[in-house]
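Every number for a ligand or one of its atoms is a count from 1 in the order of the listing. The chain is numbered in sequence order, starting from 1.
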Amino acid sequence: MEDQPPAKRQAGLGSGYSRASGGTVVLPGSPLPERAPQENSRDKVSSQAQELGLVTSNNRELHLAMPFEDQQIYPPEANPAPALVMGTPAEADSGAGTYNQPFVRDQTAQAELMERLSVFRKRVKSLAAANKAKPDMVVNKQMKHLLPPRSHGHVPGTAPGDVFYGKGELAITGVHSNISGGIDCLGSMPAYAIVLSGGYKDDDDFGKNFQYSGMGGRDADGNLYKDQEWTRGNLCLRANAESKAPVRVIRAKLDPETKKPVHTYDGLWRVKKAEHVAGIDKYLVCRFEMEAVEGHSTVSAAVTYRCLKGTLQKKRLASDNAADDKPVPKKRKVPTNAKRQGMLMADISGGLEPHPIPVINDRDSTGPPQITYTRHSQFGSKEAVSIHAAALEAFTTRQSCGRKMSKALGLDAPFYNGAGCLRHIEYSGIYECGESCKAKACKVNRVVSNGINLPLEVFNTGAKRGWGLRCQSDIRLGAFICEYAGVILTDAVAGKLQQQGQDAFLFNMDHFLLCHKKISPEDPPEDRLKLPPLPFKTPAGASSSITVDIPVAIPEAVPEQAAEPAISLKASAAAPQPQQDANPSAHVEAGAAICCDLETSASDTVPSEGVDTEGLKSKPEACIKPSAAEQTRPAGSGVLDVATSDALRLSACPKPAWKLQPSLTSPLHRQDSVRLETAKAEASHASAASLDRPALLPAEVADQAHHIGLPLSLQQDHLPPAQSRRGSPEPSSASMETESNIKIRIGMDVDSPQLAICNSGTAAPAATPGMDRSSCDGCHIHKDGPATSSMDIDLGQPAAGSAAAADAHSHERYEASKSPGSADALAADSNGRQTEMSLAAVDGSAVAAAAADTSGSAGSPDGSNALAADASPHKDEGFLVVDARTTGNVGRFLNHKCEPNCSLAIVQTPGEGTACSSSMCYRIGIFAHTYIPAMQELTYDYGYEVQGRGMTCHCGTKGCRKSLL
Ligand SMILES: C[S@@+](CC[C@H](N)C(=O)[O-])C[C@H]1O[C@@H](n2cnc3c(N)ncnc32)[C@H](O)[C@@H]1O
């Protein structure tokens, strides 16, 4: 290497040049850049060029484009630096070199190189004009004999920052001789050059250093399907690490205008570390940590990251944002020219998501869906904000660190594995960490917070489900898909939308409970859903509830004149009660049963306390019958003072289909009350016949209630065939009553209520007027035993033909609420069109108000007849609903399938980057609960398991329930 002043850098010229970021791109077939003749090499070059016909008409030689005019690593011209020193002979043999001197380009060699490149370009151009396939490969083969021998270090004549168009040009100049592979090497010698294209998941580019994954074991999409081995290129690169021989690095990126790859020679780099580690695809990867050789390298792509894909791009963007102190990724430039067939929009997110989300319709002429895209939910009202804030505050153990929080709650954290996938897909409550958590383990606990990381696309399903969502790549089990974002509304506002039939895009925030795998109550507790407690405790004045739609099994058809269903209460387990709880005037011994037989007739008068409680005390092992006066009311009701120990059983009478099996760990107190209400509604034959959908059985109701914090258990005694989980009820005759709706409200002043409540579901045999209680097999009352609680029993039955009766023909609403101050209440009632279970945190008065509210006009002041005439939709000011009708994200495009591939979880994340006014935020996360191959529609179970307004399900799965709300 001789001492030479650095060459004057020259920008690309001419009409055939397009600018790539930071440099000049020389395109094949374009006029080559011209420059003024140079004294030192022109004659020689010109004669050769003349020979080859590679000189311009004005006798000028051709040159490589010389980008990076603002290049820092070159010494200023005024102060020429010594030439490159290749180190000691030994080092030179190994290719190591010291590279301790600044770089200087060899101009003579540059001219020779340029000449060769010119020939190459000309030939490629002519072959391309003749439509020859892969002209660069062909010409490369033809000119192979002109290639210099492979060597380490800079190829004489090149300089960091030089731009080449295609691997053919890299090969013909000797910068990277392997025209098809990423690693240029021979045998087991240290590698000469690598191309960093950013196409592999395990690559990661941080500019001045990067991580390079080895060769082999990949399928056509770049996914690993087997372990990489220390052979061929991997072995050679490891030799670089051992010998310190530098590697030429070429970064590939797409030219933004031509969309064709542009290769930039980024100079010399060393392999700092070579290791065999588990990659993202779980197979072993040969991974190389690369670092730049100071003064001999540049970072051409660091400013654009266009060569990076997927997680790499996201990581780069994330680190960029962190550096810029911006919480959300930079807005991307949305590509405008759609290439894919049927692509209606290149990116429905308008650049807000890290990946473009195209809208594809290759089936018909339907236009793209019109929505205002939002990455995160926004609050629709101040009320929604305060309910949300109250729910958050309710977590007294709330800590800013999601990991600490989950520990405090005894949850099975960490929630995510190293690849950001849920460790258990049945998680339903997840606490993520924020930016303030600095621990390494906290950093992986930010999956929903980090946002969408999959190449999703909206597409026309063409299967009567409208638009749907799918992913262009395979999705791993437990991977986060997206959140369900929209405008957060209060239950009250959502109820109105629901009344107007505008509920297709409403998502109840506690709906997730139904979207999870249901586990039998017989399963041991440890196998059940791993749920965190939900916000029961609410600051005074605030109100929050969790609402779940729960359909209930439709009982057998009932003759029209059938009257009263019966309910029996039975204390089934004996255990000593604390003496202070004993009530000498009214108690029932543990193991006793209470049978309530209340006759009903049409009347608007609904006494709330009509049961002869004295009779209960004095007539053990007898059924209670209402007084003659009470028989005129439409629904029986009453209060029973019941002694119970640590278990209480409520069973249908006379032939129970389901039993209530509360297993109280704490004794009930005297002021506790259990209210049972039942109502029958008359339905037309048509309605009954249309009940083609099985309902959620009470066991599931209780099971789910258990999982949201009221641990319930149920026993199924006799399940009528008509009520099987997936079966359909028997159609009734025209004059039949089709169901019995039962409202149950249980209040307890205990800290850990454990109650099981179940709809008896046996209206037919129980609802015969004047039924002899002797048919109440096994119903008996014991007088003895401590009285520790009281029960209100309401058996409500709306008048035949009333609006309530007409509307409440197929659904029941279950509501569980707990007041912070006094009583926990669990109630089930009929609410007409909607069947719901809600877990509400309200103050004491709100409980009463809610009860009165749901009771409709026939409700008594104390709400005891809450069920009877209620035909209105959900009226409680409960929890929150996400409305994605017009404002939302891709979550709104996931359709329902009865056998879905995704499930949902409530995720509490830091409020950073969201519209949350508080520091934390509830979000609905959608996760893959199975491995999902690319392009398969992403779906979840909407959870509507009872027939609603008759929308037919078109999910097409084997287990389709045929209907969705
Ligand atoms: C949350 S949106 C899903 C996106 C919707 N497909 C679209 O085109 O925008 C819910 C609506 O999609 C339709 N849908 C979803 N799953 C369905 C299914 N399995 N069968 C029939 N329609 C379905 C229904 O119209 C439903 O009200």
| message | Rounded to the nearest 0.5 Å, what separates atom CG in N901 from atom CD in Q936? | response | 5.0 Å

| query | Considering only heavy atoms of R892, which atoms of ligand 1 have at least one such atom less than 4.0 Å away? | reply | 1 (C), 2 (S), 3 (C), 4 (C)

| field | Per-residue contact class, K464 against ligand 1 - non-hydrogen pairs under 4.0 Å | value | backbone

| request: Examine the proximity of ligand 1 to T939 and report which part, side chain or backbone, both or neither, has a heavy atom under 4.0 Å away. | output: neither

| Atom CZ of F507 and atom CD1 of I926: how far apart are they, to the nearest 0.5 Å? | 6.5 Å

| field | Option passing side chain to side chain donor-acceptor pair (under 3.5 Å) with T909 (candidates E483, R923, H376, E432) | value | R923

| Between T952 and ligand 1, which part of the residue brings a heavy atom under 4.0 Å of the ligand: side chain, backbone, both or neither? | backbone

| query | Looking only at distance, does H954 have an N or O less than 3.5 Å from an N or O of ligand 1? | reply | yes

| Under 4.0 Å from any heavy atom of N895, which atoms of ligand 1 are there? | 3 (C), 4 (C), 5 (C), 6 (N), 12 (O), 13 (C), 14 (N), 15 (C), 16 (N)

| remark: dist R465:CZ -> H954:NE2 (nearest 0.5 Å) comes out at 9.5 Å

| said: I'd like to check which ligand 1 atoms, numbered from 1 as shown, lie under 4.0 Å from a non-hydrogen atom of L894. | reply: 3 (C)

| message | Quick one, K897 and E937 - any side-chain contact, counting heavy atoms below 4.5 Å? | response | yes

| field | Spacing of CD1 belonging to I348 relative to CD1 belonging to I360, to within rounding of 0.5 Å | value | 11.0 Å

| query | Quick one: CG on L344 to OG on S365, what's the gap to the nearest 0.5 Å? | reply | 10.0 Å

| message | If the cut-off is 4.0 Å to any non-hydrogen atom of H896, which atoms of ligand 1 fall inside it? | response | 15 (C), 16 (N), 18 (C), 19 (N)

| Would you say K897 and ligand 1 have an N/O pair spaced under 3.5 Å apart? | no

| Counting each atom of ligand 1 from 1 as listed, which ones have a heavy atom of C953 under 4.0 Å away? | 19 (N), 20 (N)

| Gap between atom CG of N889 and atom OG of S349 - 0.5 Å precision | 10.0 Å

| For C955, the ligand 1 atoms whose distance to one of its heavy atoms is below 4.0 Å | 19 (N)

